[in-house]
Each structure stands twice: as structure tokens, then as C-alpha cells.
Amino acid sequence: MDIWQKAEKEIILHDKKLNIVESCVDRHAQATPNKPALIFQSEKGNKKTMSYKELEKKTNKFANLLKELKLKQNSRVFIFLPKCEEIYTSFLGTIKHGSIAIPLFEAFESEGLELRLSRGDANVVVTNKELAKRMKKMDHRKVIVIDSDEYKKQIENCSEEFKPVLKDKKETAFMIFTSSTAGTPIAGVEISHYALVQQHSTAQLVLDLKENDKYWCTAHPGWVTGTVYGIIAPLSIGCTNYIYEGHFDSKKWIQFIKENKISVIYTAPTALRMLKGEINKEDLSTVRNICSVGEALTDTVFNFYKKLGIEINDTYWQSETGAMMIANWPALKKKPGSMGKPLPGIKAKIREGTISFEPPWPGMMTGIYRHENLYKSYFKNKLFTTNDLATIDKQGYFFFTGRKDDMIKTSGERVSPIEIESILMRHKAVKEVAVIGIPDQVKGQIIKAFIVLQKSFSPSDKLKEELSMFVKKNYAGHAYPKEVQFMESLPKTNSGKIIRMKLRQDHK
Ligand code: AMP
């Protein structure tokens, strides 16, 4: 029996069919109905607890609502909400209904949002009154506004009974609309129901999650870490998932860990760096395991937390891999600065300097929505290629060295330079633009725009601010240029293509 066949035994499979929500919610609702599944805490400290039984009822109600709205299976349901109870109930309810859930980060403004909704052929958008204002057009979409009287009435009248619709292993459970730099900046990475096998087993091995854990994943469910390890994997394990609804604040985060006696944390190096000035050994006395993802965990950060008694387990994966691929886990001897070793069942190689994997593995994306060629471009010479550069040492430890393409990672969040450039090009002062990520001590990278102005405009600090805010207002609150530099011209190839690499090198 291979490793994945063994792992299959940990989840609910009906021969070749499954619905992940049965494993994540319904089985625990039967075995431990009163156990808290989700505990929400607002910035002000107000708490709300939802047991596994309540979660089951609420996801059933949502699935029934989709049915009543006459939505067919495989509808694409976008979820555009801040961290709140309805992200979880609508995400799981959609999947239960046999449809495809697509969570989006709440910071997208009109243009960033619209691009995603139209590229994903949204059938439904679940949102709130405030965020709904950012939707420009309705097309044929149904909009579910969770704080409207209409929704409250509808959901109240829905039945609490629903049998999860069983799907073939390879059918899509959810999509992650992420940024690539390969010509098409935004695309929906499709992850199957069967990916749960790997998501569950990595949560056991790497996060070391057990049923009695008090677990906190700090990522918003609009990012793949927040979806897979903030909703699916911990619920499948059956532990209690804590959700802090506010934004980052060192003091409040530390208070949250202490007050709730959190035992396992999954976060990004940016947050770990930002906590450094405030956190001490006693604050982490209940914490057994901290894992990190999204950007390189430097040895300075690793050594800092080691002195506080915790060896951070850095993990490596991407939306396209559907689950962790290379990682440190509690029993593995750590090498500071290394992202660890390939996980059991994963065959990883460095091919032309790039991290590559031997397909298939359970979490591997099954497609990219409406981008067949982009999907195919990941597979070369029987290997899946990642565009991430790394080295391996003699003991088989991987060390991340950078990206092969132009993708930017800021605070662990993935941003395409092409998308930001196309927004900036719409400003009347801009003639040409190139966007890159530049190193930042806290956020890993920040976004910088190099701009050639139209003849009738002159450089000024006021114009820099205006251009930066133009992106923030129209595209996204989390991904706008913090720095703007005016240029006479941009470096280009003979065929006229902008060489972002040259700008990055000049910046070092
Ligand atoms: P995302 O799909 O948003 O999760 O972004 C995936 C990308 O984040 C990877 O392709 C890497 O470029 C980067 N990344 C993820 N984990 C790590 C890590 N442990 N160290 C360095 N970079 C990472």
C-alpha cells in the first residue's frame, strides 16, 4: 500500500467518490457535536463559538439556499468577505452543494475584484453591504448579501438537513484566483476534492495537529494557506480553529495567543518579524508548534524564536500544488535558513535551478480555469515546474534562493506586476511603467513602480502619492506601490519588452 492509499483511510471516501465537507464537518458533528469547531474573536475582544453540530446545520442551510436559488451543481460561487462566520459556512455549504467555492481577499477594489469575477464566470457572489459597493456590474450573477434582511429571512427558512453531494475524486472543490506572471496575470487554480488526502496528512505530520489542539492560522481564506490550512485541514482533523477577525497588531496578537491558550500557529515570516520586538518566552508558553509559509524564513528569525524555545517549521508549497510539498516537521532536525525536505510521498528535484516535482500527487491542481495552455506550461519533461529557485545540500535539505519570474511576494501575499502595471497605465500621466518587488526588512518585499511620464507632466512628490493611491483605490488595498520612481526611459530588450530583471539588479 503506498503512502497516499494509507492516508486515504483518514478521510471519508465512498469508493471513488467523496465530498470533503463530510470529512471536515459532518463526521465530527456526529462524533463530537458540542465541540467548538470555530471560535471567532473580534478586534474588540468579542467572542463567538460555533460547535461542529452548529457548523453542520449552517452549512446545510447554505447548501439548501443555493438549491432554492436554482443553482446547478458546479456553479462558481465567489466569496468576497472579511474574516467572519459566513466565509466558513458559505465556503463549506457551497462545496456540500456540489458547487465550486472561490474565496477572495477582502482588500480588492473594483478593478481587481471585477477582473477575477469575470475571468471566473461568477454565478454567485457572497458578500456584505459594504463590499458589494465595489461590484461594478451584476451581469447574470446572483448576489447574496449576508447582512441584508432578505438573506437573513431566506437562510432562516432553509432546512437544516442536506446530504453532501458526492463528487468524483478529480472534480473541483474550490478555486484559488491567484496571480501568475506568465502572460495571463489572473487565473483560477482548480483544486480537487481528493486533495484532502494530502491536506489532511500534512496537517498531521507538519502542523502536528491533534483533535484537542487550539489552532490559529493567521491567513485570510482568500489566500490558499487560509483556505487549505485555515478551513479544510484543521476541520478535517477535528480540532478547534481560532479566528482573529482584526488586522495585524503585535499587542493584540500576543494577547490573543495567551488568552486562548493557542497550541499551534501557522503564519508568514512577515508576521513573525513584526512580532519580534514585543514577544517573549512567557507569551508562547502554551504554543507547541509554529509553522511558517509564503516567503523565505531567514535564519535570523529562526534563531530569534529558537531562543524563545520554539524551532519554527518552515513549509514550502504554492496554490498550484494544493498542499505542502517541502517542509520541516517537528521530528525533522532543523537547519536554519532551510525550508526542509520533500514530504513523504513527494518526489522533488532541482531542474535548471528550479524546484520541480514528479507528478502526480493528491493536491496537484487539476486545471487552470479556462487556461488549458497555461496549465500545460507547468509540465515539462514529465516534471511539474514551479518557477522557484533553490539549492539542495548533501543531506537533501532545500534552500530557497528566489523566483525565476517577476512575481512579487509582499507580506507573504502573491501579486502580479502585470496587473499593477495595467492599472497604472490607465492614469493620464503615465506613458510607460514597470513594477517590481524590492527587498524590505519587514514585509519581505514591497512594491515599487518605475514610471516614464507623459510629456505634459512633471515629476513631483505629489504625483508619486497620487499614482500610488490610484492603484490602492482602484485595484487593491494590500498591493499598491509603496515607492514610485520617475525615469527618463525603461530598460528594454531589442523587441521592446521591459526587462524587470535589470531594474531588480540595479536595485540591489
Ligand atoms: P501562493 O500560491 O500565494 O501560496 O504563493 C506561492 C509562492 O510563495 C511560491 O511559489 C514561492 O515563491 C513562495 N513561497 C511559499 N513558501 C515559501 C517558503 N517557505 N520560502 C520561500 N518562498 C515561499
Side-chain angles (χ1 to χ4, degrees), residues 103-105 107 116 174-182 185-191 195 199 202 206-207 217-230 266-273 290-299 301-302 312-329 332 334-343 346 348 353-357 363-365 368 378 384-392 397-417 419 437 439 443-445 476 478-479:
L104 286 182
F105 189 43
R116 284 160 176 79
F174 65 94
M175 285 203 267
I176 294 292
F177 256 74
T178 193
S179 317
S180 94
T181 48
I186 317 298
V189 169
E190 297 171 321
I191 304 295
Q199 293 158 350
T202 48
V206 182
L207 298 175
C217 171
T218 65
H220 184 282
W223 303 109
V224 76
T225 300
T227 320
V228 172
Y229 295 101
Y266 198 20
T267 190
T270 297
L272 292 166
R273 280 192 290 270
I290 300 182
C291 293
S292 139
V293 68
E295 31 160 338
L297 179 76
T298 52
D299 44 7
V301 180
F302 179 86
I312 294 173
N313 287 302
D314 186 21
T315 67
Y316 168 87
W317 59 298
Q318 46 178 208
S319 303
E320 295 88 331
T321 66
M324 293 175 192
M325 299 295 279
I326 297 174
N328 293 278
W329 54 92
L332 184 77
K334 249 72 66 198
K335 285 198 183 182
S338 162
M339 53 197 203
K341 290 188 172 186
L343 287 162
I346 300 299
T354 311
I355 305 174
S356 308
F357 299 106
M364 190 178 91
M365 64 173 170
I368 298 183
Y378 279 79
F384 171 100
T385 50
T386 62
N387 267 338
D388 286 314
L389 303 168
T391 55
I392 317 182
Y397 284 83
F398 281 65
F399 290 80
F400 184 86
T401 53
R403 281 290 294 190
K404 202 171 167 184
D405 61 12
D406 297 321
M407 191 184 79
I408 300 167
K409 267 286 173 126
T410 174
S411 302
E413 290 160 358
R414 188 164 158 171
V415 176
S416 156
E419 207 178 347
K443 296 183 173 228
Q445 286 188 316
H478 68 287

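Every value quoted in this text rests on a predicted model; they were computed, and no experiment measured them. Residue indices begin at 1 and follow the sequence shown. Every number for a ligand or one of its atoms is a count from 1 in the order of the listing.
- Less than 4.0 angstrom separates some heavy atom of Trp317 from each of these atoms of ligand 1: 6 (C), 9 (C), 15 (C), 16 (N).
- Interface of Ala296 with ligand 1, defined as ligand atoms under 4.0 Å from a residue heavy atom, comprises 20 (N), 21 (C), 22 (N).
- For the residue pair Tyr316 and Thr321, no side-chain donor N or O sits within less than 3.5 Å of a side-chain acceptor on the partner.
- Look at Asp388 and Lys404 and you find no salt bridge, because none of the NZ, NE, NH1 or NH2 atoms lies under 4.0 Å from a carboxylate O.
- Residues Val224 and Thr178 are not in side-chain contact: their nearest non-hydrogen atoms beyond the backbone lie 4.5 Å or more apart.
- The nearest protein atom to atom 5 (O) of ligand 1, hydrogens excluded, is given as Lys409 NZ, 3.0 Å; this is a heavy-atom distance.
- Taking any N or O of Ser292, backbone or side chain, none lies under 3.5 Å from an N or O belonging to ligand 1.
- The ligand atoms of ligand 1 that sit less than 4.0 angstrom from a heavy atom of Arg414 are 1 (P), 2 (O), 3 (O), 5 (O), 6 (C).
- Looking only at heavy atoms of the protein, atom 18 (C) of ligand 1 is closest to Glu295 O, 3.6 Å.
- Inspection of the Asn313 and Lys334 side chains reveals an N or O donor paired with an N or O acceptor under 3.5 Å.
- At a 3.5 angstrom cut-off on N or O pairs, Glu320 does not count as close to ligand 1.
- Pairs of residues two or more places apart, or lying in two chains, that qualify as salt bridge (Lys or Arg N to Asp or Glu O under 4.0 Å) and include a residue from residues 312-327 are Glu320-Arg414.
- Here Thr225 has no heavy atoms under 4.0 Å from ligand 1, in either its backbone or its side chain.
- Not a single heavy atom of Thr386 sits under 4.0 Å from any atom of ligand 1.
- Taking 4.5 Å as the limit, every side-chain heavy atom of Ile326 sits out of range of all side-chain heavy atoms of Lys341.
- With a 4.0 Å cut-off on non-hydrogen atoms, Glu413 does not touch ligand 1 at all.
- In summary, the atoms of ligand 1 found under 4.0 Å from a heavy atom of Arg403, numbered by their order in the structure, are 10 (O), 12 (O).
- Looking at Trp223 against ligand 1, nothing comes within 4.0 Å, counting heavy atoms.
- Those atoms of ligand 1 with a heavy atom of Val224 less than 4.0 angstrom away are 4 (O).
- Side-chain contact, Thr267 with Thr218: a donor N or O sits under 3.5 Å from an acceptor N or O.
- Residues passing the side-chain hydrogen bond (donor to acceptor under 3.5 Å, both in side chains) test with Thr315, sequence neighbours excluded: Tyr266.
- Between the Gln199 side chain and the Gly322 main chain, a donor and an acceptor come within less than 3.5 Å of each other.
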- Message: Please evaluate residues Tyr378 and Ile368 with respect to the criterion side-chain contact (heavy atoms from CB on, under 4.5 Å), reporting the C-alpha separation (whole Å), side-chain torsions for both, the decisive distance (0.1 Å), and the verdict.
- Response: CA-CA 11 Å; Tyr378 279 79; Ile368 298 183; 3.7 Å; yes

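- Of the options Gly402, Ser338, Gly294, the smallest heavy-atom separation from atom 13 (C) of ligand 1 is shown by Gly294.
- The nearest protein atom to atom 12 (O) of ligand 1, hydrogens excluded, is given as Asp388 OD1, 2.6 Å; this is a heavy-atom distance.
- Contact check for Met324 versus Leu207: side-chain heavy atoms found under the 4.5 Å cut-off.
- Nearest non-hydrogen protein atom to atom 6 (C) of ligand 1 is Gln318 CB, 3.4 Å.
- Ligand-side atoms of ligand 1 in range of Asp314: 19 (N), range being under 4.0 angstrom from any heavy atom.
- In this structure, atom 19 (N) of ligand 1 lies nearest to the protein heavy atom Thr315 O, 2.7 Å.
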